Student: 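Here you go, one structure.
For the numbers below, each heavy atom of this structure counts, side chains included, while hydrogens, waters and symmetry mates do not. Here is how names work: the chains are called A, B, and so on, in the same order as the sequence lines, proteins then strands, and each is numbered from 1. Bear in mind that the values here come from a model prediction, so they are computed numbers and not experimental data.
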Amino acid sequence: MPELPEVEVLRRSLERPLVGDRFDAVQVHFPTLREPLCGPALRRLQGRTIRRLRRRAKYLLVDTGGEHLPRRDLADATDPIRVAGRAGPDVVGKDRGAAASGGLTLVLHLGMSGRLTLVERTAPLVDHEHLGFELASGRRLRFCDPRRFGVAFVASTESLDRDRHFRHLGVEPLSASFDGAVLADLARGRTAPVKTFLMNASVVVGVGNIYASEALYRARIHPRRSVARIAHRRFDVLAEAVREVLGDAIEQGGTTLNDFADGEGNSGYFQVSLDVYGREGEACPAGCGSRIRRIVISNRSTYYCPRCQR
DNA sequence: CGTAGACCCTGCGCGC
DNA sequence: TGCGCGCAGGGTCTAC
């Protein structure tokens with residue numbers, strides 16, 4: 001379901017409702033995800049206050065501290081910087097309750113079919129509801145994942161970068177340090193098709209199957225072209241295309257093909273702006289007269305215009 | 001080391 | 001209606 005834009009949209013939708021709330025109880029209903037859920041570790045969140053929501057690659061990070069802050073103190077604290085300013089330069093480290101153990105972060109990955117929604121605490125369990133986080137405010141953060149490719153675990157905030165899920169990850173495409181030079185540099189010595197390269201999380205994170213096709217269309221690069229045969233200047237164009245397509249998708253609430261929704265159940269509408277993904281046989285939107293083609297690269301459907309993309 | 005392919009799992013839409 | 005098939009937004013592991 002989610003690539004970077006969808007996770008970012010989810011993060012933004014949940015930030016205001018969640019920051020300042022507190023985990024009361026963690027219910028593990030079905031521990032069978034890609035990595036089995038660890039009940040005792042997840043229950044360490046109980047009693048902790050949600051300080052901040054972050055995103056790294058396609059992971060949603062819920063930072064918590066042990067000390068309870070009254071909700072009114074956080075009433076307008078939607079900007080994480082200001083939250084940090086109020087609590088001190090190192091929010092988590094200042095927590096009395098966290099001083100011994102360090103801050104704890106709930107790490108969530110939605111895999112292909114994961115959904116995270118905020119419901120009333122008493123809302124009935126639904127199919128595939130693996131996890132329920134009951135909150136002091138009387139609500140419940142519900143995690144459902146029919147295909148079970150998702151991940152949920154708790155780790156110390158301070159050591160997240162060294163965690164095996166994160167340590168190999170490449171550059172964030174919306175950060176200032178992402179550009180064509182980075183791509184060109186990482187492409188040296190490689191021969192993979194550029195689409196495979198773009199979807200490699202140790203190169204650049206967050207670009208999944210939809211946005212890889214879309215970015216390559218915008219950059220007019222053929223998805224099968226080997227990265228060994230891409231001119232330096234075209235990497236600049238590609239980096240810009242990646243940045244733009246992800247940014248546009250975030251602005252439009254993400255892509256809802258089947259069932260993506262933000263934390264409050266709102267669908268995205270970037271699907272109507274997709275140029276090539278899922279449009280096999282349709283006319284190229286650039287008006288070149290050609291039709292969009294579907295091919296398979298590394299077992300994933302790939303869409304492109306055979307005339308515009310070289 | 002880089003690359004290609006299999007695999008994990010359930011649900012949906014399609015053609016018959 | 002029912003059934004089998006192919007396909008689906010992710011990541012990891014293995015063999016070469």
Student: For DNA chain B, which ranges pair as stems of 3 or more consecutive Watson-Crick or G-U pairs, with both donor-acceptor distances under 3.5 Å?
Tutor: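 Stem list for DNA chain B: B:2-8 with C:10-16, B:10-16 with C:2-8.
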
Student: Does A:Phe197 have any ring pair (Phe, Tyr, Trp, His ring centres under 6.0 Å) partners at least two apart in sequence or in another chain, and if so, which?
Tutor: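 Result, ring pair (Phe, Tyr, Trp, His ring centres under 6.0 Å) vs A:Phe197: none returned.
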
Student: Would you say the base of B:dC9 and the side-chain of A:Arg148 have a donor-acceptor pair closer than 3.5 Å?
Tutor: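 By the distance-only test, no, there is no pair.
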
Student: Side-chain N or O of A:His128 less than 4.0 angstrom from OP1 or OP2 on B:dG11?
Tutor: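 Yes, such a contact exists.
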
Student: Please list, chain by chain and in numerical order, all residues satisfying ring pair (Phe, Tyr, Trp, His ring centres under 6.0 Å) with A:Phe143, sequence neighbours excluded.
Tutor: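 Here no residue qualifies.
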
Student: Between atom CD in A:Glu6 and atom C1' in C:dA8, what is the gap in whole Å?
Tutor: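 In whole Å, C:dA8 C1' and A:Glu6 CD are 14 Å from each other.
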
Student: Name the nucleic acid region contacted by A:Ser301, choosing base, sugar-phosphate or nothing; use a 4.0 angstrom heavy-atom cut-off, strictly under.
Tutor: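 Counting heavy atoms under 4.0 Å across all strands, the contact made by A:Ser301 is with sugar-phosphate only.
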
Student: May I ask you to evaluate whether A:Arg190 reaches the phosphate of B:dT3, defined as a side-chain N or O under 4.0 Å from OP1 or OP2?
Tutor: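 So the side chain of A:Arg190 is within the cut-off, an N or O lying under 4.0 Å from OP1 or OP2 of B:dT3.
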
Student: What residues form a side chain to side chain contact (heavy atoms under 4.5 Å, CB included) with A:Asn266, not counting sequence neighbours?
Tutor: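 Here the qualifying residues are A:Asp262, A:Glu264.
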
Student: With sequence neighbours excluded, tell me which residues meet side chain to side chain contact (heavy atoms under 4.5 Å, CB included) with A:Glu282.
Tutor: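 With sequence neighbours excluded, A:Glu282 shows a side chain to side chain contact (heavy atoms under 4.5 Å, CB included) to A:Arg279, given in chain and number order.
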
Student: Please list every donor-acceptor pair under 3.5 Å in which a side-chain atom of residues 228-240 of chain A meets a protein atom from a residue at least two apart or in another chain.
Tutor:
residue, atom, partner, partner atom, Å
A:Arg234, NH1, A:Arg310, O, 3.3
A:Arg234, NH2, A:Arg220, O, 2.9
A:Arg234, NH2, A:Arg310, O, 3.4

Student: All N/O contacts under 3.5 Å from nucleotides 4-7 of chain B to the protein, with atom names and distances to one decimal?
Tutor:
none

Student: With sequence neighbours excluded, what pairs up with A:Gln252 under the side chain to side chain donor-acceptor pair (under 3.5 Å) test?
Tutor: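 Residues passing side chain to side chain donor-acceptor pair (under 3.5 Å) with A:Gln252: A:Ser273.
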
Student: Output all residues satisfying side chain to side chain donor-acceptor pair (under 3.5 Å) with A:Thr196, sequence neighbours left out; order by chain, then residue number.
Tutor: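 A:Thr196 satisfies side chain to side chain donor-acceptor pair (under 3.5 Å) with A:Ser298 once adjacent residues are dropped.
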
Student: Can you tell me which residue pairs pass the side-chain hydrogen bond (donor to acceptor under 3.5 Å, both in side chains) test with a partner in residues 287-297 of chain A, sequence neighbours excluded?
Tutor: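 Only A:Arg294-A:Ser301 qualify under side-chain hydrogen bond (donor to acceptor under 3.5 Å, both in side chains).
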
Student: Just checking A:Tyr211: base, sugar-phosphate only, or nothing, at a heavy-atom cut-off of under 4.0 Å?
Tutor: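 Here A:Tyr211 touches no strand at all.
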
Student: Could you run through nucleotides 11-16 of chain C and give me one letter per nucleotide, 5' to 3': B if any protein heavy atom sits under 4.0 Å from the base, S if only the sugar-phosphate is that close, - if neither?
Tutor: S-----

Student: Looking at residues at least two apart in the chain, or sitting in another chain, which of them share a salt bridge (charged side-chain N to carboxylate O under 4.0 Å, His left out) with A:Asp248?
Tutor: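 A:Asp248: salt bridge (charged side-chain N to carboxylate O under 4.0 Å, His left out) contacts with A:Arg218.
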
Student: Using a heavy-atom cut-off of under 4.0 Å over every strand shown, decide if A:Asp145 touches base, sugar-phosphate, or nothing.
Tutor: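 If one applies the 4.0 Å heavy-atom cut-off, A:Asp145 turns out to touch nothing in the nucleic acid.
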
